[in-house]
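Okay, structure first, notes after.
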Amino acid sequence: MRRIKFFDTTLRDGEQQPGLNLNREEKLKIAKQLDRLGVDIIEAGFPASNEGDFYSVQQIARAVKKSSVTGLSRLSKSDIDTAWEALKDSPEPRIHLFIATSDVHIDHKLMSTQEEVIQDSVEAVRYAKERFSVVQWSAEDACRTDWDFLKHIMEKVIEAGVDVINLPDTVGYTTAQEIRAMFHHLKENVKGAKDITLSTHCHDDLGMAVANSLAAIEGGADQVECTINGIGERAGNASLEEIAVALHIRHDHYGAEQNLTLQEIKRTSSLVSKLSGNVVPGNKAIVGNNAFAHESGIHQDGVLKESSTYEIITPELVGVDANKLVLGKLSGKHAFQNKVSELGFDPPEDELKRVFKAFKQLANKKKDISDDDIFALLVADKSENETKAYEMLSLQVNVGTHNIPTATITMKSPDGEETQEAATGSGSVEAVYNTLERIVGAPIQLDDYRIQSVSSGEDALAEVVVHVTYAEQTSIGRGTAHDVLEASAYAYVNAINRILAAAPGGVPEPSVHSQ
């Protein structure tokens, strides 16, 4: 039986989404969950793009044992060497080389020629094969590349020893019919193509990334590149969860197996959503909150009589369970640790103590603690460089129908000094943020603000996600608390701390992005 490999690029292409900046701890959490999900390959980042990416890829390569870990690389020897240093401790070191092949990219971006692109690709593949057990080469903008040239360059890199060739729809331009035909043509006509793995990588600019990925599989692709929740730059990438469940439910049509543990899909989606600050739309296929909800009376009647009348996917298939109330203030550490394990987390002892303490504080305010509450505590951000972080010590807000909202905040600065400031605003959140800006002593631009409840009920936790620009750097911040103003303040401080942690010695160099 044919088997499709899943290449997850959430941590590389997904992180290229504007405003998304995961720290090393968060990337490791996602990588470990992707490993539990059973993805075949995790693209952990672009090691040569910056120091942070290098160490993140290295940490993931050492920690992940089942999935194969790879890193993106340009064709230069220095990029390949850097990738090797980051990935050499992985059980199966692999590298992902890329270069553009379409005329528009060669002429206007590379300012090169087809002959030079071929020569550089062949030399890079040969050089990488001296180190890596698996070498993948990508033809950026393949779907707008002349087929004759694509055939020619593919044969050259196959001769050089490449193991995987990726043919991405970089700008989300192609159609299902076109990409199916392209893969079929190349697999049948490129010498040696049947002896390597062909991979597809589709973007969602026209809303067709999943359909095009499935069509590429029909045309002969045996590897599909995608991201959790479809995150990524511009309109995003093909959604892993949608492709995986489509292959499972329509096994009769695609006739392909996969290694994924589908019951881990919902948990993986929730983790990426929390850490990226991207709220999953309620109507999102497979993982949206409404994916298994039925409003119509006719639908409800049918589902109650026989679920298959309107449900082609059972909630249990993707790990959606009833939001059971499981723990309370009398629950001990052992019961809490068991629940943490059930949720797929294995934090170190010091982290477990921190989360358990937060759980106890929450349990004193909230009668029943749900899985979602515990999940929120587990993914609560903790700055990688706590000695260089702001810490909010107290918050007081005066607000009323006929009063000017005023916030008073006491804060410990990165140098350990305590500062108290007050400021007003047209609303209570603005008053809080004006006060924090005064304490930091530099302009902070609030680009986006979102609030939602973690669970249902009057005593639900509030979760706030903000996007800010500070010191010419953009960052997301997350805050969770019973009080919405407290959560708003935590999110704002968190965003500032993330920028400080990412650039303790100054503003970081911009990352190099591709594909």
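Predicted, not measured: the structure shown is a model, and the values here were computed from it. We're numbering straight along the sequence, starting at 1.
Side chain of S102 to backbone of R144: no donor-acceptor contact under 3.5 angstrom is found. Formation of a donor-acceptor pair under 3.5 Å by the R498 side chain with backbone atoms of N21 is found in this model. Remark: side-chain polar atoms of Q258 are paired, donor with acceptor, to backbone N or O of A244 under 3.5 angstrom. Q59 places no side-chain N or O within donor-acceptor distance of the main-chain N or O of S56, the cut-off being under 3.5 Å. A donor-acceptor pair is defined here as one N or O able to donate and one able to accept, closer than 3.5 Å; no such pair exists between the side chain of T10 and the backbone of T227. Panel note: side chain S269, backbone N229; no donor-acceptor pair is recorded below 3.5 Å. Between the side chain of D204 and the backbone N or O of A238, no donor-acceptor pair lies under 3.5 Å.
Taking 4.5 Å as the limit, some side-chain heavy atom of L34 sits within range of a side-chain heavy atom of I30. A heavy-atom distance below 4.5 Å is found between the side chains of L271 and F375. At a threshold of 4.5 Å between non-hydrogen side-chain atoms, the residues K274 and K29 do not count as touching. The closest side-chain heavy-atom distance from I313 to F292 is below 4.5 Å. With contacts defined as side-chain heavy-atom distances shorter than 4.5 Å, the pair N166/F98 does not qualify. Looking at R354 and P347, their side chains never come closer than 4.5 Å, going by heavy atoms from C-beta outward.
Aromatic ring pairs are classed by plane angle as parallel below 30°, tilted from 30° to 60° and perpendicular above 60°; the pair W147 and H185 is parallel.
We find that D53 and K27 are joined by a salt bridge, their nearest charged nitrogen and carboxylate oxygen being less than 4.0 Å apart. Taking a cutoff of 4.0 Å between a charged side-chain nitrogen and a carboxylate oxygen, R478 and E26 qualify as a salt bridge. The pair R180-E218 meets the salt-bridge criterion, since a charged nitrogen lies less than 4.0 angstrom from a carboxylate oxygen. With salt bridges taken as basic N to acidic carboxylate O contacts below 4.0 Å, none links E241 and K266. By the 4.0 Å N-to-carboxylate-O rule, D163 lies close enough to K129 to be salt-bridged with it. At a threshold of 4.0 Å, the pair R250-D252 counts as salt-bridged, since one of the basic side-chain nitrogens sits closer than that to a carboxylate oxygen. In this structure, E130 does not pair ionically with R126, as no charged nitrogen and carboxylate oxygen lie closer than 4.0 Å.
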>> For a side chain to side chain donor-acceptor pair (under 3.5 Å) check, start with the C-alpha distance between N212 and Y173, then their side-chain angles and the critical distance, and finish with the verdict.
In response: CA-CA 10 Å; N212 288 340; Y173 176 78; over 6 Å; no
>> Would Q33 and E264 count as a side chain to side chain donor-acceptor pair (under 3.5 Å) here? Give the steps.
In response: CA-CA 8 Å; Q33 180 57 34; E264 293 289 336; 2.8 Å; yes
> Should E233 and H203 be marked as a side chain to side chain donor-acceptor pair (under 3.5 Å) after you check the CA-CA gap, both sets of side-chain angles, and the distance that decides it?
Replying inline: CA-CA 9 Å; E233 59 184 335; H203 282 260; 5.2 Å; no
>> Could you go through Q114 and D146, starting from their C-alpha distance and side-chain angles, then the distance that decides it, and tell me whether this counts as side chain to side chain donor-acceptor pair (under 3.5 Å)?
In response: CA-CA 11 Å; Q114 290 184 342; D146 177 76; 5.9 Å; no
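Checked against I228 for a side-chain contact (heavy atoms from CB on, under 4.5 Å), the options L11, V280, V287, D8 give a single hit: D8. Of the candidates R3, K5, R2, K194, D222 forms a salt bridge (Lys or Arg N to Asp or Glu O under 4.0 Å) with just one, namely R2.
Taking both residues in full, the closest heavy atoms of N237 and A209 are given as C-CB, 4.1 Å, listed atom of the first, atom of the second, then distance. Among all heavy-atom pairs drawn from A128 and L97, the shortest one is CB-CD1, 4.2 Å. Between R74 and I80, the closest heavy-atom pair is O-CG1, 4.1 Å. Considering every non-hydrogen atom in both V279 and S273, the closest pair reads CA-OG, 3.9 Å.
One side chain, Q136 or E225, offers a donor N or O that lies under 3.5 Å from an acceptor on the other.
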